[in-house]
Amino acid sequence: MTTSAGDARPPSLPHANPDDRSANRTGKDAGAVRTAEVADAVEVLALVASIEHQAFGRLAGDSLQAPGLEQSLTLSRLAARCTERRDRVLERIAELGGDPVMALGRFDGLLDDFEARTPPSTWAERLLKAYVGYGVADDFCRLVARGLDGESARLVADLLDDPSRAELAVHELDRACAGDDVLSSRLALWGRRLVGEALGVVQRVAQRPEVARVLDRAGAGSGPAAGTAADGPAAQMPATVFNELTAEHTRRMSRLHLTA
């Protein structure tokens, strides 16, 4: 028997289990978190790749300015290693589903301001600039990479565990400063200027949302802030980051017997 329109009843629906809805939300939330973490990892890996890419250009240029053929050959080989390291990072970005070229482009010109504000006037200043500037950049990448997934973190640690880029600078500068107190004093002052400018670059990078989140995962994004020497007390970064980078810089300068 049919019913009138006014008595029509909607078809009954199966009763939804609250546990099923909760599990569905949990799955979606976990997926969203994973997607965000991958995007953050791509950003940090792109930072590492960009520094290697720009180091290649810097070292290739330095090889043309070298005072001798031996130094020129060494620098050109170091530049070639930079491209190898860069490409390994770009491969990892692709494995994570990112676009390597687009990701790299987000850091285009990252060090342009640093380069413009610190023009070296001598070969010794040029060597120290590469040693300090890229040393600070590498130290920051090591620190932030602790917050990446295991495979990405191991890749960055492996790439940056290569002392070859520093060896030429240490050898050449140590020899040049031996018995020359005037040069040692000048380079110590130059090193302080360089680290201030380099920390200014790091401070700006650390404020990028993706990088800041990975710093948090690495346990270095919280706590009080510290002003950088380059940008003054108004420009700040987490004190844990600032302290670790300045401590590494002091050790780096100590290798040259220079005051940080």
Side-chain angles (χ1 to χ4, degrees), residues 48 50-82 85 109-143 160-205 228-231 241-260:
V48 177
S50 178
I51 290 172
E52 293 295 341
H53 185 61
Q54 293 178 67
F56 157 74
R58 170 77 197 196
L59 292 169
D62 285 351
S63 73
L64 299 177
Q65 303 293 326
L69 181 58
E70 183 178 358
Q71 295 98 326
S72 179
L73 288 171
T74 298
L75 287 166
S76 66
R77 291 179 184 125
L78 291 176
R81 290 185 191 178
C82 288
R85 289 195 288 262
L110 173 67
L111 299 175
D112 285 357
D113 188 55
F114 173 75
E115 296 287 357
R117 292 167 66 94
T118 56
S121 59
T122 66
W123 174 244
E125 288 186 0
R126 184 176 290 274
L127 284 177
L128 189 61
K129 178 176 178 177
Y131 180 61
V132 170
Y134 287 107
V136 171
D138 286 352
D139 290 339
F140 179 71
C141 288
R142 287 189 191 93
L143 193 159
L160 298 182
D161 190 26
D162 180 1
S164 61
R165 193 149 64 197
E167 288 173 356
L168 176 65
V170 171
H171 174 73
E172 293 274 319
L173 292 173
D174 198 38
R175 184 173 61 179
C177 290
D180 192 335
D181 293 339
V182 174
L183 178 59
S184 295
S185 296
R186 282 179 47 213
L187 290 179
L189 288 172
W190 178 238
R192 285 194 281 275
R193 179 181 172 189
L194 290 168
V195 73
E197 296 290 351
L199 287 172
V201 175
V202 168
Q203 185 273 326
R204 291 188 289 275
V205 172
T228 70
D231 296 331
V241 176
F242 182 84
N243 292 339
E244 183 162 342
L245 295 182
T246 52
E248 287 299 325
H249 172 69
T250 298
R251 284 190 281 272
R252 189 174 296 111
M253 294 294 280
S254 294
R255 290 187 65 191
L256 301 173
H257 310 290
L258 296 177
T259 304

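These numbers come from a predicted model, not from an experiment.
Atoms CD and CZ, from E244 and R142 in turn, are 10.0 Å apart once rounded to the nearest 0.5 Å. A distance of 7.0 Å separates SG of C177 from CG of L256, quoted to the nearest 0.5 Å. The line from CZ of R186 to CG of D180 is 8.5 Å long, rounded to the nearest 0.5 Å. Residue L128 holds its CG atom at 12.0 Å from CZ of R193, rounded to the nearest 0.5 Å. Residue L168 holds its CG atom at 11.0 Å from CG of L73, rounded to the nearest 0.5 Å. Between atom CG of residue L245 and atom CD of residue Q203 there is a gap of 12.0 Å, rounded to the nearest 0.5 Å.
By the side-chain contact (heavy atoms from CB on, under 4.5 Å) test, S254 is found to be paired with T250, residues two or more places apart in sequence or in another chain being considered. R251 pairs by the side-chain hydrogen bond (donor to acceptor under 3.5 Å, both in side chains) definition with E248, not counting sequence neighbours. Legend: residues meeting side-chain hydrogen bond (donor to acceptor under 3.5 Å, both in side chains) with T246, ordered by chain and number and at least two apart, are absent. Every residue two or more places apart in sequence or in another chain that forms a side-chain hydrogen bond (donor to acceptor under 3.5 Å, both in side chains) with R85 is listed here: E52, D162. By the side-chain hydrogen bond (donor to acceptor under 3.5 Å, both in side chains) test, D138 pairs with R165, sequence neighbours left out.
Minimum heavy-atom separation, C82 to L59: SG-CD1, 3.8 Å. Contact between V132 and G191 at its shortest, heavy atoms only, is CG1-O, 4.4 Å. Across all non-hydrogen atoms, the minimal contact from P67 to Q71 is CG-NE2, 3.8 Å. For D62 against W123, the heavy-atom pair with the smallest separation is O-CZ3, 3.7 Å. Here the closest non-hydrogen pair linking C141 and I51 is SG-CD1, 3.5 Å. When all heavy atoms of L75 and S63 are compared, the closest pair comes out as CB-CB, 3.7 Å.
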Margin query: Between W190 and T118, is the side chain to side chain contact (heavy atoms under 4.5 Å, CB included) condition met? List the steps.
Written below: CA-CA 9 Å; W190 178 238; T118 56; 4.0 Å; yes

Note to self: Set out, in order, the CA-CA distance, both residues' side-chain angles and the distance that settles side chain to side chain contact (heavy atoms under 4.5 Å, CB included) for D139 and L143, then state yes or no.
What the structure shows: CA-CA 6 Å; D139 290 339; L143 193 159; over 6 Å; no

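Atom NE2 of H53 has 12 or fewer neighbouring heavy atoms from other residues, nucleotides or ligands inside a 6.0 Å radius. Counting heavy atoms of neighbouring residues, nucleotides and ligands inside a 6.0 Å radius, atom CZ of F114 exceeds 12 of them.
Under the 4.0 Å criterion applied to side-chain N and carboxylate O atoms, R255 and D174 are not assigned as salt-bridge partners.
In this structure, Y131 contributes its side chain and M253 its backbone to no donor-acceptor pair below 3.5 Å. Distance alone, capped at 3.5 Å, places no donor-acceptor pair between the R58 side chain and the A130 backbone. Distance alone, capped at 3.5 Å, places no donor-acceptor pair between the E115 side chain and the L111 backbone.
When side chains are defined from C-beta on, L110 does not count as touching R204, because their heavy atoms never get closer than 4.5 Å. Contact annotation: the side chain of V136 approaches that of V195 to within less than 4.5 Å [non-hydrogen atoms, C-beta and beyond].
Because its NZ or CZ atom is not both nearer than 6.0 Å to the ring centre of Y134 and within 45° of the ring axis, K129 does not count as a cation-pi partner of that residue.
The side chain to side chain donor-acceptor pair (under 3.5 Å) contacts involving residues 72-82 comprise R81-S164, where partners must be two or more places apart or lie in separate chains.
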